[in-house]
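Order of the sequence lines sets the chain letters (A, B, ...), proteins ahead of strands, with each chain counted from 1.
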Amino acid sequence: MPPAVVARGFYARDPRAVAPDLLGKLLVHDSPDGVRRSGRIVEVEAYCGSADPGSHAYRGETARNRTMFGPPGHLYVYFTYGMHWCANVVTGDPGESGEGLAVLVRALAPVDGIPSMQAARPAARRVRDLCNGPGKLCQALGLDRSFDGADLVTANQGVWLADDGTPPPATPFQTTRIGLSAGAEHPWRWCVPGDPHVSGPARLRGAPTPVPGP
DNA sequence: TCTGCGATAATA
DNA sequence: ATTATCGCAGAC
C-alpha cells in the first residue's frame, strides 16, 4: 500500500485525540537534493493551549509560538535548551482553531534515508539512537527553524505526514509527559508499547514486565 | 541499563 | 532565571 498524505481534516481535532492516532504514521522529509528521510511515529505528547500550563501557548501568542495559533496541519518547530530543535503538529477543533493546540513528536523508528540520518547525527552509534528523542529526530531529519510553519498537507517545504496503512496500536502505552515542571500530572503521552525507539528508560517505553521467576 | 550533570542560547 | 534535551561519565 503506497503511502498517502494524511488529510487536513485529521488534524482538526483535540490534540489528545490526534496524538494516539499519530502513532504508526510516517514523518517524511524530502530534501531538495532528492534524499528522503522518514520514520514511523512511536511516541507523542499532547499540549492543550491556554488550559495547559505545560504548553508554550499557556501564556498566549508570542513571536516564538505563533505557528501553534495558526491552522491545524502545520509544523511548529521551536528551539530549546540552547541547542535543540523540537517538532510539533498543530491541531485543534474547527471551533478551537487559534487556541495553540499541538502534538509534540517525541520519537520515530527510522524507515528511509538511514545513512543520511547517520551523517546528520554522528553522535548516534546505533540506529536505535537516531530518532529516540524529540531533539534527536529533528537533527536526524534535518528539521530546524526554517521548517516552522511548514504545511504538512501540501508538503510545500518537503515535510509531510504519510499513512502507509499501519494502524495505531489498539492499546497504546499511556503515561504523564516528560521534562515538564508544570502540568506534569496529565497523562498526555502515548507510545507504541515496548518499541525500542521510544525515548527514556525501559519503564517509560512500556517494556514488557519480566516474568516472575518460578 | 540506569542515574546524574554540564552544555548552551533564545525567550520572557 | 528558565527551559517540551542530549551525550557523557560512572555505578551496577
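Residue A:His56 places at least one side-chain N or O under 4.0 Å from the OP1 or OP2 atom of C:dA4. Using a 4.0 Å cut-off, some side-chain N or O of A:Arg106 falls inside it from OP1 or OP2 of C:dT5. The side chain of A:Ser181 places an N or O atom within less than 4.0 Å of a non-bridging phosphate oxygen (OP1 or OP2) of C:dT3. Between B:dC2 and A:Arg205, a contact under 4.0 Å exists linking OP1 or OP2 to a side-chain N or O. Between A:Arg203 and the phosphate of B:dT3, there is a side-chain N or O to OP1/OP2 separation shorter than 4.0 Å. Considering only side-chain N and O atoms, A:Thr62 lies nowhere under 4.0 angstrom from the phosphate OP1 or OP2 of B:dT11. Contact annotation: A:Arg177 does not reach the phosphate of C:dT5 (side-chain N/O to OP1 or OP2, under 4.0 Å).
We find that CG of A:Leu204 is positioned 9 Å from P of B:dC2, with the value rounded to whole Å. One interatomic measurement links the two molecules: CD1 of A:Ile178 to P of C:dA4, which rounds to 13 Å at whole-angstrom precision. In this structure, A:Trp85 places its CH2 atom 17 Å from P of B:dT8, rounding to the nearest Å. In this structure, A:Phe79 atom CZ and B:dA12 atom P are separated by 14 Å, rounded to whole Å. Whole-Å rounding puts the A:Tyr78 OH to C:dT2 P distance at 18 Å. A:Arg145 places its CZ atom 10 Å from the P atom of B:dA10, with the value rounded to the nearest Å. Between the CD atom of A:Glu43 and the C1' atom of C:dT5 there is a distance of 12 Å, rounded to whole Å. The distance between atom OH of A:Tyr76 and atom P of C:dA4, rounded to the nearest whole Å, is 9 Å.
Looking at A:His56 and A:Tyr76, their side chains do bring a donor and an acceptor atom within 3.5 Å of each other. For the residue pair A:Glu43 / A:Ser199, a side-chain donor-acceptor distance below 3.5 Å is found, with atom types taken as modelled.
Among the nucleotides B:dC2, C:dT5, C:dA4, the one closest to any side-chain atom of A:Met68 is C:dA4. For A:Pro201, the listed nucleotide lying nearest its side chain is B:dC2; candidates were B:dC2, C:dT5, B:dA12.
To the nearest 0.5 Å, the span separating CG on A:Leu75 from CG on A:Asn88 amounts to 7.5 Å. For the atom pair OG of A:Ser55 and CD of A:Glu45, the computed distance is 11.5 Å after rounding to the nearest 0.5 Å.
A:Asp30 pairs with exactly one of A:Arg36, A:Gln157, A:Arg37 by the side-chain hydrogen bond (donor to acceptor under 3.5 Å, both in side chains) rule, that one being A:Arg36.
In this entry B:dT8 has no Watson-Crick or G-U wobble partner, no candidate having both defining distances under 3.5 Å. Remark: C:dA4 base-pairs with no nucleotide in the shown strands. Criterion, Watson-Crick or G-U wobble with two distances under 3.5 Å.
We find that A:Arg16 and A:Asp52 are not joined by a salt bridge, their nearest charged nitrogen and carboxylate oxygen being 4.0 Å or further apart. Electrostatic pairing of A:Asp21 and A:Arg13 counts as a salt bridge here, judged by a charged N lying under 4.0 Å from a carboxylate O. For A:Arg40 and A:Asp164, the salt-bridge test passes: some basic side-chain N is under 4.0 Å from an acidic carboxylate O.
In this structure, A:Tyr81 forms an aromatic stack with the base of C:dT3, since both conditions hold: centre separation below 5.5 Å and plane angle below 30°. The aromatic ring of A:Tyr47 is stacked on the base of C:dA4, with the two ring centres less than 5.5 Å apart and the planes inclined by under 30°.
If you check every strand for non-hydrogen atoms under 4.0 Å, A:Arg189 touches nothing. A:Gly54 comes within contact range of at least one nucleobase, with a heavy-atom separation under 4.0 Å. Counting any heavy atom pair closer than 4.0 Å across all strands shown, A:Ala202 reaches sugar-phosphate atoms only and no base atom.
In this structure, A:Trp85 and A:Phe79 have tilted ring planes: the angle between them lies in the 30° to 60° band.
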Go along nucleotides 7-12 of chain C 5' to 3' and tag each nucleotide: B for a protein heavy atom under 4.0 Å from its base, S when only backbone or sugar atoms are that close, - otherwise.
S-----
